Every structure is written in C-alpha cells, then in structure tokens.
Amino acid sequence: MQEKYLPSEIERAAQAQWATRQVYRASDASDRPKYYCLSMFPYPSGKLHMGHVRNYTIGDVLARYHAMRGYNVMQPMGWDAFGLPAENAAIANNVPPAAWTYANIDHMRTQLQALGFAIDWSRELATCKPDYYRWEQWLFTRLFEKGVIYKKMAMVNWDPVDATVLANEQVIDGRGWRSGALVEKRDIPMYFFRITQYADELLTGLDTLPGWPERVKTMQANWIGKSVGVRFAFPYRLDGKDEQLWVFTTRADTVMGVTFCAVAAEHPLATRAAQDNPELTAFIAECKQGSVAEADMATMEKKGMDTGFTVTHPLTGESIPVWVGNYVLMSYGEGAVMAVPAHDERDFGFAQKYGLPIKQVIEGEELSAVKQALAQGRTEHGNSIANLEAELSALEFDANEWKSWYETKKGFCVHSGKYDGLGYEAAVDAIAADLAALGLGEKKTQFRLRDWGISRQRYWGCPIPIIHCDSCGDVPVPADQLPVVLPEDVVPDGSGNPLNKRADFVNCSCPKCGGAARRETDTMDTFVESSWYYARYACPDFDGGMLDARANQWLPVDQYIGGIEHAILHLLYARFFHKLMRDEGLVSSDEPFANLLTQGMVIADTYYRETPDGKKAWFNPADVEMRDGAAILKFDGQPVIVGGTEKMSKSKNNGVDPQALIDQYGADTARLFTMFAAPPEQSLEWSDAGVEGAHRFLKRLWKLAYEHVQGGAVAAFAGGELPDAAKALRRQLHQTIQKVGDDIERRKQFNTAIAAVMELMNALAKLDGDDATTRSVRQEVLEAAVALLAPIVPHISEALYAELKPGVALAWPAVDESALVQDEIELMLQVNGKLRGQIRVAATADKAMIEAAALASDAAQKYLEGQPPKKVVVVPGRLVNIVL
RNA sequence: GCCCGGGUGGCGGAAUCGGUAGACGCAGCGGAUUCAAAAUCCGCCGCCGCAAGGUGUGGGGGUUCGAGUCCCCCCCCGGGCACCA
C-alpha cells in the first residue's frame with residue numbers, strides 16, 4: 001500500500017475503472033427497486049461553478065448511498081442548452097450560440113467526470129438538439145389543436161433603440177442594458193399555455209407531496225393564490241350605450257365603502273377617456289414607460305389621474321369617479337379595481353394623495369370592545385376610565401391616519417345601511433346575493449396564477465411550430481414535417497430576432513392550402529424544455545415518440561435536487577407539464593417529483609474599487625489577500641474595499657473556480673468540503689481554510705488505514721469479550737453506522753454524518769494496543785468508516801477498501817445491536833432548570849429509582865438544604881430537574 | 001411592495017420530539033518533534049471573573065419545572081415576483 005495519499009492517482013484509476021465497467025449504467029430491466037435520483041441539469045454557461053459542484057455532489061451522495069443499499073439507481077445528466085447567455089456571448093465574441101454552447105458542454109462534461117459522479121452518461125441529452133426539441137414541438141401542436149395553447153396579446157419590455165424585446169433582467173432602472181434607452185411596454189401577440197385550467201389541481205396536488213419541503217409548497221400555494229370573492233359590475237352609460245365596469249374583490253363586505261374605481265392604463269375605458277383629454281393621454285403614455293416586472297410595478301410610486309368618467313355604484317346608486325392607476329395590472333383579474341380607501345392600505349394612500357373621500361364601513365372588534373367597556377363603565381383589569389378613553393382615541397377611525405385594524409375581517413359593518421351589524425361572512429353573502437339579484441355580480445373563485453406566455457422574440461430557443469398563412473391563419477406544423485430545425489450558423493447582433501432575416505427559415509408553404517406562408521420566428525421559453533427533460537431521461541434514445549413505456553417504469557423521480565431559487569417557476573411548470581403529458585396518455589403518474597431537496601446558494605466575499613466614473617470594479621477573492629487586517633490586491637499591493645458576502649456571480653466576480661480546487665486537492669476533497677461546510681438547505685460560505693481541513697481529514701484517514709494495514713491482514717472483530725476501551729469504541733462505531741444512515745437517508749444532512757465519522761476516527765486514533773483482538777476491532781472500525789464515507793468520497797474509499805479487504809466490493813455496514821447496549825447511563829441533574837451536576841444510574845432504572853438517586857446526590861443535597869423539593873421532573877435517558 | 005426562508009463563539013456550523021448550548025471543522029494559543037521550517041502529534045479555547053460564580057443563541061415580551069427550539073411584536077440579512085436559469 002502506498003504510504004502517501006495521492007488523490008490524482010487514485011481518482012484517475014477509480015474513474016477509469018468505473019468507465020470501463022460501466023458501473024453507473026442504469027438497467028431498464030432489473031428486479032431491484034428503482035431509485036431515480038435527479039439533480040437539476042445545468043445551463044452550459046462555460047465552466048462548472050461551486051453551485052454545480054454542491055448540487056451534483058448532494059445528488060451523487062444520495063445516488064451512491066442507495067446503490068450501496070441495493071437499489072437500481074438511475075442518475076442521468078444533460079444540458080439545459082437554450083437560453084439568453086448564449087446570445088449575449090454571441091454578441092460579445094461574434095460566435096454562433098450553437099458553437100459556443102457545444103464547446104461549453106464538452107468542457108463541462110469533462111469537469112463533471114473529473115468529480116467522479118455516478119452518472120449514467122449513456123442517457124445524456126441536450127435540449128438544443130433537434131432529437132430532443134422535436135417532441136416538444138410535437139406536443140405543442142397537439143396542445144394547440146386541443147386549445148390548451150392559445151394566442152393573445154401580452155405586454156413585453158421594448159427597447160426602442162435596439163428595436164428588440166428585453167428580458168426583465170436586461171432592464172436596469174427602467175432603461176435597456178445596452179442602449180440605455182427608456183424601456184416601453186409594448187403589446188405583442190404571444191402563445192400561452194392554459195395553466196390556469198390546472199390551477200386547482202396544481203394546488204390540491206401539493207397535498208400529495210409529503211416529500212416536498214413545506215416552504216416550497218407554501219410558496220407555490222401562494223403563487224397559485226386561490227381566492228374566493230365576488231365579481232361584480234358598476235353600470236355606466238357612455239356614447240349612448242349602457243356599459244358595465246367589472247371588478248373582482250375578496251372584500252365584498254366593504255363594497256358600501258367604495259369611493260372610486262381605478263383602471264389599468266391599457267383598460268378600454270382609459271383609452272376612451274384619453275380620446276379627448278391630452279393630459280390623460282400623456283399620463284397613460286407615462287404609465288407605459290418602464291419595465292413589466294411585477295417587483296417594479298409594486299415598488300414604484302402609486303400615481304393616478306381622473307378620467308372624468310363616472311360609474312354608478314350598483315347598491316347605493318351613487319356616482320363613482322373612475323381613475324387610471326399605474327398600479328392596476330391589465331393582466332390580472334378584470335384590469336380594474338374598486339377602491340375602498342378606508343379599508344385597504346394602498347387605496348388609502350392613493351385617496352390621501354389625490355384628496356378622494358374616505359368612508360369607513362367596518363368597525364374592528366378591538367374598537368368595539370373598548371367602546372363597550374366604556375359604555376358599561378367597566379374598569380376591571382386595573383383599567384381606569386382615563387386609560388379606556390386613551391385606548392379609544394388610539395383605535396378610533398381617523399381618515400387622516402392609517403391604522404392596522406382597518407384591514408381586519410374581524411368586525412362588523414357600519415355606515416352600510418341594511419348591512420349594518422353584519423360580520424365579514426354574513427356581509428359578503430348578503431351583498432353578493434343583492435348584486436346577483438340585480439344581475440350585476442356573482443360569487444367567484446379567482447386565481448392569482450396567470451396563463452403561461454411562452455413566446456420569446458429570440459433566436460436561441462426551440463422554434464414554435466406554427467405556420468402563418470394569410471388564408472388559413474395559424475397552422476400547426478404537421479407531425480411528419482417536424483422537427484422545425486433551428487439553423488445553427490446564426491450570430492445574433494442584439495437588434496431583434498435574426499431568424500426574421502433568414503428567408504430560408506421564414507418562407508414556407510401552408511400545410512393546409514399549400515400557398516405561400518411564413519414560419520413563426522418566435523421561440524419557446526426555455527422553461528418548456530426543462531419541464532419534461534426528467535421524463536425523457538428514461539428513454540432518451542426513443543425516436544418513435546416523445547416517451548415510451550420506460551418513462552412510467554422510472555417515474556416519478558424519487559429524489560429531485562436543485563436550488564431553492566426554482567421553488568416556484570420551474571417546479572410549478574414541470575408539475576403542470578407532467579399533467580399535460582398525463583392527459584396526453586404519455587405518463588400515468590400525477591406528479592413528477594416524489595421527493596424534493598432544495599439546496600442553498602454558494603456565497604463568497606466580494607471586493608471592489610470605485611472607478612473614476614463612479615462604477616465599481618470587482619476583484620476575485622483569489623486575487624485578494626488579507627494583510628494587517630486590510631484587504632490587498634495581490635497584483636498591485638494596493639487596498640480594495642470589502643463588500644458583502646454574496647451569491648457567487650459573474651457580475652460581482654466572486655466565483656471560486658472548482659477546477660483549481662480539484663487540481664490542487666482532488667475531487668474527494670472538493671466533495672467532502674462542500675458536504676461538510678453546511679447542511680444542503682442552507683447557503684454555503686466559501687472558505688479556503690475549510691478546504692484544507694477537509695483535505696487534512698482525508699490524509700489522516702489514509703494514514704490510519706496505512707498504519708493498520710502495515711501490521712498485516714486481520715479479520716474484522718466477530719464476537720467475544722472485549723476490554724472496556726475497545727467495547728466503548730465498538731459502541732461508538734455502531735452508533736455512528738446508525739447515525740450516518742439516518743443522516744443520509746432521512747435527514748439528508750451530510751455535515752453531521754461526516755462529523756460523526758470524524759469523531760469515530762479521533763476515537764480510533766486513541767485506541768492503543770497491537771494484540772490480535774484490538775487489531776480486529778480496528779479492522780472493523782476502518783472497514784465500516786471507509787464504507788460510510790464512500791457515498792461522499794468515493795475514490796479514496798474504494799482505494800482504502802481494496803487495501804483493507806482485497807477483492808471484496810464496498811458494502812454498507814450493518815448495525816450490531818448488541819454493541820449498542822449500555823449498563824449505566826449518565827443523567828443531567830438540574831435544580832430549578834439550571835445544570836448543577838450529573839448522576840450515573842443503571843440503564844434499566846425506573847423513574848422512582850432515578851428520582852431517589854438524584855435526591856441522594858451531593859449536588860441535590862447542597863441545594864435542598866434539608867427541605868423537601870416542591871416537584872421533581874424525571875426525563876428518562878436525559879435529565880432530572882428538582883424544583884425548589 | 002407582496003410571498004417564503006434565515007439570524008447560535010473570532011469563522012463555518014451542531015443541538016433530530018421543549019430537556020447538558022457550542023459536537024465536528026477552521027482560525028488562534030501553549031507544548032512535543034525538528035539544526036530550522038513545513039508537515040505531523042498532544043493539550044487549551046463563548047463572554048465577564050483570580051475564583052466561587054454569573055452570563056449567553058438578532059432585540060423586546062409571553063407560555064413552561066425547563067425555550068436556540070413554541071406564541072406575540074420589532075430589527076437585520078437572503079431567495080422569488082411570471083422574459084436570468
């Protein structure tokens with residue numbers, strides 16, 4: 001056995017052997033239970049970053065663990081290969097996105113292989129390849145014919161200088177990132193998936209996913225946003241016609257407090273009002289500036305303008321002014337809202353700003369309680385009349401000041417005529433019934449979820465398989481003409497979609513009438529490709545259709561692992577797509593991912609200098625060193641400013657290249673460090689020192705094994721009497737086997753599993769003796785420890801196991817229950833909840849015996865001073881608390 | 001702004017069901033080894049205090065024999081917000 005731990009040598013050897021023996025090839029025909037372990041596939045951005053290393057190591061630990069436990073494991077890998085960065089790279093370097101993407105894939109595949117992941121590379125796929133996206137196009141045409149996909153107008157960010165549509169991230173402070181031009185909202189036709197049709201099922205389906213984190217399910221439920229309310233209309237007369245302004249509200253109990261309505265800038269009523277109102281026209285134009293991102297809409301200053309039109313309150317007959325509000329979204333609900341400034345904080349602020357009336361129609365329960373107490377002259381609980389009066393004035397409705405109770409549903413109607421005195425539910429029912437009787441409203445369930453717009457005015461994506469014909473309209477491309485292949489020799493220049501300039505792509509004939517027609521040049525949202533790749537991995541070579549029977553054999557995914565940032569969009573779209581495929585008869589399950597693990601981000605320190613033009617120049621942590629407590633740039637010895645600790649990103653230049661780490665310490669160290677530094681769900685802070693610590697442990701492990709193996713072969717301990725020290729070590733060993741299995745399988749927390757093995761190794765190093773019995777225990781401990789670490793550091797584990805047990809395959813160790821038995825246990829002794837000592841009792845002692853032992857102890861006697869205790873709490877196996 | 005998380009030593013983190021706060025690792029300190037250094041090994045290491053002891057899990061309140069853990073309020077940090085993936 002080699003005395004020195006040489007990671008590059010053993011890793012190269014192990015990987016070569018795995019590759020030739022194809023050990024990670026998943027069998028489609030196996031008697032063993034299947035375990036489909038899937039990590040979110042990477043976008044091929046160039047090189048692997050630490051987030052990838054973390055994600056794929058987590059998946060690999062679970063995959064390898066389950067393989068050791070006898071499962072038929074499938075862990076595939078592929079490439080989420082379409083997307084915006086390839087176009088940006090094309091603009092920057094004048095390279096076609098396709099060439100750039102394929103080069104990145106080749107490099108990143110090599111990097112993944114160097115990390116020794118147990119991946120079945122025979123199933124590799126790339127979403128930018130026609131043999132993948134052709135089935136996406138095929139499904140699109142099916143869904144289009146079914147009406148699940150439809151076309152409508154929708155708003156996008158328009159850069160008037162580059163004449164192109166911008167992604168939200170390309171809009172910075174309301175301006176285009178390259179041109180700097182003020183961004184406008186523009187209405188263009190787009191294709192939509194009718195995800196709202198599945199809203200209820202997507203919501204209730206969450207209850208069938210016990211293996212998902214609660215927070216992800218909560219976020220999805222809130223995103224879907226089911227709300228039961230009332231949709232009703234304000235009638236009005238305009239241009240000699242009777243019209244209705246429809247709104248939706250969850251607070252129908254406050255309808256009597258409506259003092260104005262607000263409509264979106266794009267609402268027909270706003271457009272009509274602006275016809276002869278230049279000021280309003282200007283305001284609507286202003287509303288159309290800026291990005292379409294909801295975060296921007298929600299944080300901007302709320303502005304509005306009176307249209308001059310009024311509508312009629314359906315219940316009071318009052319005349320209600322209609323305003324245009326920049327915060328009202330045309331795409332949500334009816335594009336119009338009723339405003340009750342007394343009981344909605346946003347409406348309140350708006351009314352204050354524009355001097356609109358505020359009419360209280362609800363009285364909160366706290367307020368009523370104080371009023372009642374005052375009326376009855378009640379002064380209990382030490383409350384004086386003066387106190388009550390002070391409380392009353394603090395709570396009482398004041399149109400000049402917003403108070404949090406104004407939005408309460410716990411209260412009753414006031415100043416509401418016949419509805420006075422009704423509580424929330426009774427008021428909603430009564431008002432809904434009255435509106436319904438007038439034919440002006442009904443109860444309605446509404447979802448916050450909007451239909452999924454998938455048209456992208458970009459080149460590097462899956463072509464939407466539609467042909468536009470002047471006589472036949474939008475015609476889906478027939479199945480036998482698929483795929484619509486994206487030309488790969490294109491270099492975009494940042495101004496519009498280059499496909500529009502490709503006559504060979506655009507010009508075609510109509511599949512229906514055969515006449516000249518134009519091909520759709522929009523491509524699909526890349527979320528579409530990532531919504532079904534997990535199913536295609538089961539049958540990546542099937543060219544007779546989208547999926548074959550193997551999909552049902554492997555699905556659902558047993559364990560899905562990916563970043564928490566995908567909690568809503570990707571995971572919701574994939575769940576939706578799974579149901580679409582189910583309804584097409586392609587899969588039989590309802591949900592794609594049985595268990596989900598959401599990993600935290602990898603973060604690192606940031607360093608920068610201010611440049612003369614006020615911008616920040618960011619420096620990589622690798623180029624910075626600390627000298628006398630100050631951060632210095634190695635290159636010029638001059639100081640840099642320490643920024644925050646943030647998500648590793650290109651923009652902050654704080655990414656740590658895993659390649660350097662692998663080159664210096666080996667893949668096992670990289671894997672061990674990322675698993676040890678933090679539990680998977682938390683963010684992981686990068687630390688060079690921590691890496692050295694992980695490497696040191698592996699060297700120590702190697703040394704312990706080396707020294708033991710040098711002593712000659714010995715069989716693992718198989719039974720018999722042991723001295724106390726060896727017995728204690730065996731107990732620790734079997735406790736560790738139990739813990740590591742539980743940590744990996746149930747808790748999915750690997751840092752504590754590693755810590756437990758580290759403790760075991762520390763204890764092993766302290767075990768003296770070279771007699772045969774002691775050496776047999778040492779053999780048992782080393783064999784087991786190496787096996788326990790195998791899912792995390794597979795290369796060194798395999799090398800060491802080969803030395804410890806030549807010719808025998810790595811196997812997960814079994815727990816020896818008899819080694820766990822203890823005669824005596826230590827309990828904590830508390831007095832009034834404070835730790836005051838310990839007592840030792842027999843493991844079999846009952847509560848009475850423990851209590852007696854506790855009271856007899858020196859520590860208890862000291863505090864009792866001869867008095868009997870008030871109470872004694874005994875928690876078996878844990879502690880005794882004596883209450884004085 | 002809205003939705004969802006998080007906050008524990010100098011640092012990363014542990015404490016799994018309300019029961020020993022700080023496992024394990026890093027850094028630091030002391031020692032051994034060495035001509036010397038690296039590497040390695042042994043020991044110490046929350047804060048205040050000579051000690052006895054006190055105190056301590058973002059801040060404030062509460063429930064409990066007992067709270068990092070449960071409840072209420074507040075502060076700070078992060079993720080998502082539908083065209084980044």
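Predicted model, so just to flag it, every value in this text is computed and none were measured.
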Grab the [atom1]-[atom2] distance between [X] and [N] for me, whole Å please.
X	N	atom1	atom2	answer
A:L684	B:G12	CG	P	11 Å
A:L879	B:A15	CG	C1'	14 Å
A:E565	B:C3	CD	C1'	17 Å
A:Y665	B:A39	OH	P	11 Å
A:R700	B:C24	CZ	P	11 Å
A:Q682	B:A14	CD	P	5 Å
A:Q732	B:C24	CD	C1'	12 Å
A:W223	B:C3	CH2	P	13 Å

Tell me yes or no: between the side chains of A:Y327 and A:R346, is some donor less than 3.5 Å from an acceptor?
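No, because no side-chain N or O of A:Y327 sits under 3.5 Å from a partner of the opposite role on A:R346.
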
Regarding A:T752 and A:D743, is there a side-chain donor-to-acceptor distance under 3.5 Å anywhere?
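Indeed, the side chains of A:T752 and A:D743 share at least one donor-acceptor pair under 3.5 Å.
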
Ignoring hydrogens and angles, answer whether the base of [N] and the side-chain atoms of [X] contain a donor-acceptor pair closer than 3.5 Å.
X	N	result
A:K739	B:U16	yes
A:N881	B:C65	yes
A:R878	B:U20	no

[X] side-chain N/O to [Y] backbone N/O, donor-acceptor pair under 3.5 Å:
X	Y	answer
A:E87	A:W460	yes
A:D162	A:R178	no
A:Q220	A:L203	no

Assign [X] to base, sugar-phosphate, or nothing according to its heavy-atom contacts below 4.0 angstrom with the strands shown.
X	answer
A:R448	base
A:K862	sugar-phosphate
A:V165	base
A:N762	sugar-phosphate
A:R456	base
A:H566	base
A:M601	sugar-phosphate
A:V757	nothing
A:F676	base
A:A293	sugar-phosphate
A:L572	nothing
A:Y327	nothing
A:A677	sugar-phosphate
A:K703	sugar-phosphate

Should B:G5 be called syn or anti, with syn set as within 90° of 0?
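Here the answer is anti: the torsion falls beyond 90° from 0.
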
Using O4'-C1'-N9-C4 for purines and O4'-C1'-N1-C2 for pyrimidines, with syn meaning within 90° of 0, is B:C17 syn or anti?
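B:C17: syn glycosidic orientation.
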
Expressed as a whole number of Å, how far does the [atom1] atom of [N] sit from that of [M]?
N	M	atom1	answer
B:C29	B:G78	P	33 Å
B:C26	B:G79	P	30 Å
B:C77	B:A38	C1'	40 Å
B:G68	B:U55	C1'	16 Å
B:U8	B:C24	C1'	15 Å
B:G22	B:G31	P	28 Å

Indicate the atoms forming the closest heavy-atom contact of [X] with [Y], along with that distance.
X	Y	result
A:N881	A:G833	OD1-N, 2.9 Å
A:L855	A:A860	O-CB, 3.8 Å
A:S857	A:I839	CB-CG2, 3.7 Å

Only pairs with both distances under 3.5 Å count, Watson-Crick or wobble alike; so what is the partner of [N] in this structure?
N	answer
B:C70	B:G62
B:A39	none
B:G49	none
B:G78	B:C4
B:G25	B:C11

Would you please confirm or rule out a distance under 4.0 Å between OP1 or OP2 of [N] and any side-chain N or O of [X]?
X	N	result
A:R696	B:A27	yes
A:N168	B:A82	yes
A:K834	B:A67	no
A:T526	B:A85	yes
A:N751	B:A14	yes
A:N222	B:C4	yes
A:K871	B:G66	no
A:Q749	B:A14	yes
A:Q830	B:U64	no

Could you please name the option among [options] that lies closest to any side-chain atom of [X]?
X	options	answer
A:M219	B:A39, B:A85, B:C4	B:C4
A:E294	B:G1, B:C41, B:A85	B:G1
A:D743	B:U16, B:U55, B:U20	B:U16
A:R836	B:G1, B:C65, B:G54	B:G54
A:P679	B:G79, B:U16, B:A14	B:A14
A:L569	B:U20, B:C81, B:A14	B:C81

State the CG-NZ distance between A:N326 and A:K302, to the nearest 0.5 angstrom.
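Answer rounded to 0.5 Å: 7.5 Å.
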
5'-most contact on RNA chain B: A:D742 or A:G693, nearest heavy atom basis?
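With A:D742 and A:G693 compared, the 5'-side residue is A:D742.
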
Going through the distances and angles, do A:D451 and A:T196 end up as a side chain to side chain donor-acceptor pair (under 3.5 Å)?
CA-CA 6 Å; A:D451 275 339; A:T196 50; 2.7 Å; yes

